[in-house]
Chemist: 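Dumping the structure here so I can ask a few things about it.
None of the values given here were measured: they were computed from a predicted structure. Both backbone and side-chain heavy atoms feed into the values below; hydrogens, waters and symmetry mates do not.
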Amino acid sequence: MEPQENKEQNEEKSSLVVKDDTEKEPTDDTSIDVADAFILEHEKKSTHWYDHVRYFFRHLFSIVDDTATHAEIKERILSGAKFTGTNMVIMVCAIIIASVGLNTDSIAAIIGAMLISPLMNRILMMAYGTASADINIFRRGTAGFVVQVVISITFSCIYFLCSPIKAPTAQIIARTNPSWYDVLIAIFGGIAGIIGQTRKGEYNNVIPGVAIATAIMPPLCVVGYSLANSQWVMLGQAFYLFFLNFYFIYFTSVVVLNILSVPKVKEMTVKSWRKEKFRMARNTIIALIPLIVLTTLMILHHVNGNSEKEAVEASNETLAYLGLK
């Protein structure tokens with residue numbers, strides 16, 4: 001009899017448990033957005049207002065939520081970086097259009113050349129090779145980019161040798177004055193460019209705007225102009241502007257790809273990762289040294305110029321007070 005009674009008691013307890021479970025309020029998963037559910041879960045865990053504010057802004061500017069798969073990102077970047085065939089023809093067209101625009105002071109022609117120029121894609125390929133620790137991708141990207149740069153300078157130099165207009169226009173001179181504003185444009189342009197390439201669905205809308213903002217092609221054409229007209233100082237200034245745009249697009253793209261945790265072809269130890277970060281920081285400082293020197297000289301010249309002007313004005317006022325002038 002006792003086993004029978006125990007069996008009945010167990011059944012009664014299990015029925016109570018089931019009954020108690022069914023009495024819970026039903027939740028309709030389809031009526032709650034995934035993001036809202038995540039926020040509700042966060043609110044249960046935290047009671048401090050500043051935690052909610054920090055959480056809100058962290059997810060407001062998140063670049064991880066709508067990221068494409070790593071395979072899609074790799075395919076987009078590598079396929080867009082091909083420079084043979086159609087891309088090479090388009091690049092030559094962009095060079096000639098940019099050279100004509102610079103030579104005739106046509107802003108519309110320069111913008112058109114920047115829109116169709118494929119130089120940006122090779123920079124992103126180099127950045128992907130660095131972020132994924134894939135030396136083969138990086139070398140291929142670098143080799144193709146160097147070829148594109150050489151071809152751009154060569155074709156622009158040939159155009160300016162044949163052009164009857166030899167005087168530098170305002171658009172040419174504008175590409176010979178690198179500044180910190182160019183660095184800022186390259187940094188934020190690079191961020192926007194790589195984010196646009198790593199999104200789900202449509203991703204090509206950002207690249208044309210980045211190409212216009214960062215202006216990689218026109219400085220190279222100014223280098224060609226400088227070679228054609230033996231303007232060596234102008235050549236150095238234009239090439240440095242190109243280098244600043246290239247390097248900071250590359251640098252920021254590497255940073256964003258690391259934030260997105262692009263898979264590496266080989267595991268990096270803590271020591272090798274620190275070495276890589278040190279190398280990037282060192283290269284960034286080296287890239288900025290000429291700009292720092294130019295800025296310092298400009299500030300000193302401005303201060304000295306103002307001091308001399310103030311001294312002359314004070315001397316004139318003293319002479320006028322004494323009636324000597």
Chemist: List the atom of Phe155, the atom of Ile96, and the distance in Å for their closest heavy-atom pair.
Modeler: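 Smallest heavy-atom distance, with atoms named: O-CD1, 4.5 Å.
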
Chemist: If we only count heavy atoms from C-beta on, is the Ile116 to Ile97 side-chain gap below 4.5 Å?
Modeler: yes

Chemist: Looking at Ser179, is its backbone amide N or carbonyl O close enough to the side chain of Asp182 to form a donor-acceptor pair, meaning the two atoms are under 3.5 Å apart?
Modeler: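 Yes, the answer is positive, given that a donor and an acceptor are paired below the 3.5 Å cut-off.
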
Chemist: Quick one: closest heavy-atom pair of Pro219 and Asn245, and the distance?
Modeler: CG-ND2, 4.5 Å

Chemist: Please identify each residue that fulfils side-chain contact (heavy atoms from CB on, under 4.5 Å) with Ile77, with sequence neighbours left out.
Modeler: Ile73, Leu124, Met125, Tyr128, Ile194

Chemist: Taking atom CD of Gln148 and atom CD1 of Ile95, what is their separation to the nearest 0.5 Å?
Modeler: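 Rounded to the nearest 0.5 Å, the CD-CD1 separation comes out at 9.0 Å.
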
Chemist: To check you understand the geometry: which heavy-atom pair defines the closest contact between Gly193 and Met120, and what is its length?
Modeler: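 Of all heavy-atom pairs spanning Gly193 and Met120, the closest is CA-CE, 4.3 Å.
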
Chemist: Could you check if a side-chain atom of Leu241 sits within less than 4.5 angstrom of a side-chain atom of Gln237, using non-hydrogen atoms only?
Modeler: no

Chemist: Identify the heavy atoms of Phe248 and Ala186 that sit nearest to each other, and give their distance.
Modeler: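 It is CB-CB, 3.8 Å.
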
Chemist: Using a 4.5 Å cut-off on heavy atoms from C-beta on, say whether the side chain of Arg122 contacts that of Tyr250.
Modeler: no

Chemist: Using a 4.5 Å cut-off on heavy atoms from C-beta on, say whether the side chain of Met217 contacts that of Met91.
Modeler: yes

Chemist: Is any side-chain heavy atom of Tyr225 closer than 4.5 Å to one of Pro168?
Modeler: yes

Chemist: State yes or no: do Val146 and Ile153 share one hydrophobic cluster built from I, L, V, M, F, W and Y residues joined by side-chain heavy-atom distances below 4.5 Å, directly or via other members?
Modeler: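 No; Ile153 is not reachable from Val146 via cluster members.
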
Chemist: At what distance, to the nearest 0.5 angstrom, does CG of Asn121 lie from CD of Gln197?
Modeler: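 Output value for this atom pair is 6.5 Å.
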
Chemist: Please name the pair of heavy atoms, one in Ile110 and one in Ala98, separated by the smallest distance, quoted to 0.1 Å.
Modeler: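 Heavy atoms only, the tightest pair is CG1-O, 4.3 Å.
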
Chemist: If I take atom CG from residue Leu220 and atom OG from residue Ser156, how far apart are they, to the nearest 0.5 angstrom?
Modeler: 7.5 Å

Chemist: Taking only residues at least two apart or on different chains, which pairs with a member in residues 93-110 satisfy side-chain hydrogen bond (donor to acceptor under 3.5 Å, both in side chains)?
Modeler: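 Applying side-chain hydrogen bond (donor to acceptor under 3.5 Å, both in side chains) to every pair that reaches into residues 93-110, excluding sequence neighbours, yields Asn103-Tyr159, Asn103-Ser163.
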
Chemist: With side chains defined as the heavy atoms from C-beta onward, is the minimum distance between Val222 and Phe239 less than 4.5 Å?
Modeler: no

Chemist: Where do Tyr247 and Ile286 land on the side-chain contact (heavy atoms from CB on, under 4.5 Å) test, with the steps shown first?
Modeler: CA-CA 11 Å; Tyr247 179 78; Ile286 293 173; over 6 Å; no

Chemist: Ignoring hydrogens and geometry, is there a side-chain-to-backbone donor-acceptor pair from Asp134 to Asn136 under 3.5 Å?
Modeler: yes

Chemist: Is the closest side-chain donor-acceptor distance between Lys264 and Asn258 under 3.5 Å?
Modeler: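 Yes, a side-chain donor-acceptor pair sits under 3.5 Å.
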
Chemist: So how far is it from Leu257 CG to Lys74 NZ, rounded to the nearest 0.5 Å?
Modeler: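 The NZ atom of Lys74 is 13.0 Å from CG of Leu257, to the nearest 0.5 Å.
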
Chemist: How close do Arg175 and Pro218 get, heavy atom to heavy atom, and via which atoms?
Modeler: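 For Arg175 versus Pro218, the nearest heavy atoms are NE-CB, 3.7 Å.
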
Chemist: Same cluster or not: Ile123 versus Phe243, using hydrophobic residues (I, L, V, M, F, W, Y) connected whenever any side-chain heavy atoms lie under 4.5 Å apart?
Modeler: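 As far as the 4.5 Å side-chain criterion goes, Phe243 and Ile123 are connected within one cluster.
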
Chemist: Kindly compute the distance separating CD1 (Ile249) from CD1 (Ile187), expressed to the nearest 0.5 Å.
Modeler: 10.5 Å

Chemist: If you count heavy atoms of other groups shown closer than 6.0 angstrom to NZ of Lys166, is the number above 12?
Modeler: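 Yes, the 6.0 Å shell around NZ holds more than 12 heavy atoms from other groups.
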
Chemist: When you compare the side chain of Ile90 with that of Cys93, does any pair of heavy atoms fall below 4.5 Å?
Modeler: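 No. Closest side-chain heavy atoms not under 4.5 Å.
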
Chemist: Cluster question for you: counting only ILVMFWY and a side-chain heavy-atom cut-off of under 4.5 Å, with indirect links fine, are Leu161 and Ile165 together?
Modeler: no

Chemist: Do you reckon Ile292 sits in the same ILVMFWY cluster as Tyr240, going by side-chain contacts under 4.5 Å, direct or chained?
Modeler: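 Linked, Ile292 and Tyr240 end up in one cluster.
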
Chemist: Using the rule given for side-chain contact (heavy atoms from CB on, under 4.5 Å), can you reason through Met234 versus Asn229, listing the C-alpha separation, both sets of side-chain angles and the distance that settles it, and then say yes or no?
Modeler: CA-CA 10 Å; Met234 182 179 290; Asn229 294 278; over 6 Å; no

Chemist: When you group the ILVMFWY residues by side-chain heavy-atom contacts below 4.5 Å and let the links chain together, are Val100 and Ile111 in the same group?
Modeler: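 Yes: a chain of side-chain contacts under 4.5 Å links Ile111 to Val100.
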
Chemist: Answer whether the closest heavy-atom distance between the side chains of Leu119 and Phe246 falls below 4.5 Å.
Modeler: no

Chemist: Which is it for Glu276 and Thr130 under the side-chain contact (heavy atoms from CB on, under 4.5 Å) test, yes or no, and what are the steps along the way?
Modeler: CA-CA 10 Å; Glu276 182 67 24; Thr130 302; 3.8 Å; yes

Chemist: I'd like to know whether Met114 forms a side-chain contact (heavy atoms from CB on, under 4.5 Å) with Ile216, so could you lay out the CA-CA distance, the side-chain angles of the two residues, the decisive distance to 0.1 Å, and finally the verdict.
Modeler: CA-CA 7 Å; Met114 290 186 286; Ile216 303 171; over 6 Å; no

Chemist: Would you give the length of the straight line joining atom CZ of Phe242 to atom SG of Cys221, rounded to the nearest 0.5 angstrom?
Modeler: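 Reported value, rounded in 0.5 Å steps: 11.0 Å.
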
